[in-house]
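Before any comments, here is the structure.
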Amino acid sequence: YSEEEKTEDYLFKIVLIGDSAVGKSNLLARFARNEFYPNSKSTIGVEFQTQKMEINRKEIKAQIWDTAGQERFRAVTSAYYRGAVGALLVYDISRRQTFDSIGRWLNELHTHSDMNVVTILVGNKSDLKDAREVTTAEGKTLAEAEGLFFMETSALDSSNVTAAFQTVVKEIY
Ligand code: GTP
Ligand code: MG
């Protein structure tokens with residue numbers, strides 16, 4: 001990098017995808033504002049939040065985009081993915097059906113964005129131990145098969161939330 005480039009901020013667009021109610025909006029709320037909404041409503045359209053992060057003593061801005069998991073509330077797909085360099089592909093460990101949808105979300109991601117988009121598979125709601133329907137091993141196996149990073153998170157108790165976003169940003173950087 002030239003001296004000039006060194007002083008510039010980095011801005012990375014990261015998209016959140018996955019079925020409705022897996023916790024995408026709450027992962028973003030926890031990460032960006034340290035908030036959690038026990039009764040949050042479905043996202044309508046697109047929201048995004050820019051979060052400053054420090055990686056290797058460099059300031060990075062992660063612009064995180066969030067849309068609805070449900071087709072009828074979603075924004076224009078191509079615009080949502082345009083320019084994305086990272087993705088969090090989220091399912092709910094307490095609902096098998098949301099894990100079964102991952103293949104479909106991966107297809108959509110690969111159709112609308114660069115193959116090199118840094119992607120992490122996120123099994124959210126790890127706090128719901130008694131309701132678990134997808135094992136950690138199943139998540140890991142799928143991630144390995146698809147060449148994705150993998151982490152289980154809880155937006156409720158905060159576990160691994162920052163780590164999941166940081167994994168993506170570090171790899172992009
Ligand atoms: P759409 O916008 O419809 O696509 O849903 P979403 O993926 O953004 O889900 P949202 O963040 O709105 O969360 C859905 C529900 O799950 C809410 O009632 C949240 O409070 C709850 N929830 C989100 N994350 C967690 C978590 O880590 N643990 C538990 N127990 N509940 C969670
Ligand atoms: Mg949402």
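Just follow the structure's listing: the first ligand is 1, and inside any ligand the first atom is 1. These numbers were taken from a predicted model, which means no experiment stands behind them.
- N26 and R30 form no side-chain donor-acceptor contact under 3.5 Å, judged by distance and modelled atom types alone.
- The Mg ion (ligand 2) has S25 OG, T43 OG1 as protein N, O or S atoms under 2.8 Å away.
- With respect to atom 18 (O) of ligand 1, the closest heavy atom belonging to the protein is P38 O, 3.0 Å.
- Here S154 has heavy atoms under 4.0 Å from ligand 1 in both its backbone and its side chain.
- For atom 5 (O) of ligand 1, the closest heavy atom belonging to the protein is A21 N, 2.8 Å.
- Here the CG atom belonging to D92 is positioned 5.0 Å from the OG1 atom belonging to T98, to the nearest 0.5 angstrom.
- In T43, the parts holding a heavy atom less than 4.0 Å from any atom of ligand 1 are both the side chain and the backbone.
- Shortest contact from atom 22 (N) of ligand 1 to any protein heavy atom: K125 CE, 3.7 Å.
- Using modelled atom types and a 3.5 Å distance limit, the side chains of D66 and S25 yield a donor-acceptor pair.
- For ligand 1, the atoms lying closer than 4.0 Å to a non-hydrogen atom of D127 are 26 (C), 27 (O), 28 (N), 29 (C), 30 (N).
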Problem set entry | E144/T141 under side-chain hydrogen bond (donor to acceptor under 3.5 Å, both in side chains): CA gap, chis, key distance, verdict | CA-CA 5 Å; E144 272 166 23; T141 302; 5.6 Å; no

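- In summary, the atoms of ligand 1 found under 4.0 Å from a heavy atom of L156, numbered by their order in the structure, are 26 (C), 27 (O), 28 (N), 29 (C), 30 (N).
- Residue contact check: N124 has heavy atoms under 4.0 Å from atoms 24 (N), 25 (C), 26 (C), 27 (O) of ligand 1.
- Ligand 1 has an N or O atom lying under 3.5 Å from an N or O atom of G69, backbone or side chain.
- Ion pair E47/K24 not flagged as a salt bridge, since none of the NZ, NE, NH1 or NH2 atoms sits closer than 4.0 Å to an Asp/Glu carboxylate oxygen.
- Side-chain N/O atoms of E35 and Y37 include a donor and acceptor closer than 3.5 Å.
- Relative ring orientation between W65 and F48 is described as parallel, the plane-to-plane angle staying below 30° on a 0-90° scale split at 30° and 60°.
- No side-chain donor-acceptor contact under 3.5 Å links S126 and S154.
- The N/O atoms of S126, backbone and side chain alike, include none that comes under 3.5 Å of an N/O atom in ligand 1.
- Contact check for V169 versus F12: side-chain heavy atoms found under the 4.5 Å cut-off.
- Taking a cut-off of under 4.0 Å to the non-hydrogen atoms of S40, the atoms of ligand 1 that pass are 10 (P), 11 (O), 12 (O), 13 (O), 17 (C).
- For atom 27 (O) of ligand 1, the closest non-hydrogen atom of the protein is A155 N, 2.8 Å.
- For atom 9 (O) of ligand 1, the closest heavy atom belonging to the protein is G23 N, 3.1 Å.
- Residue T153 has no N or O atom closer than 3.5 Å to an N or O atom of ligand 1.
- In L128, the part holding a heavy atom less than 4.0 Å from any atom of ligand 1 is the side chain.
- Taking only nitrogen or oxygen atoms, main chain and side chain alike, S42 reaches within less than 3.5 Å of ligand 1.
- Between D127 and R132 there is no salt bridge, since no side-chain N of the basic residue sits under 4.0 Å from a carboxylate O of the acidic one.
- Contact of the Q51 side chain with the I60 side chain is not registered, since no non-hydrogen atoms from C-beta on lie closer than 4.5 Å.
- Taking a cut-off of under 4.0 Å to the non-hydrogen atoms of Y37, the atoms of ligand 1 that pass are 19 (C), 20 (O).
- The distance from ligand 1 to the heavy atoms of A68 drops below 4.0 Å at these ligand atoms: 4 (O).
- Judged purely by distance below 3.5 Å, without hydrogens or angles, the side chains of E108 and Y81 pair a donor atom with an acceptor atom.
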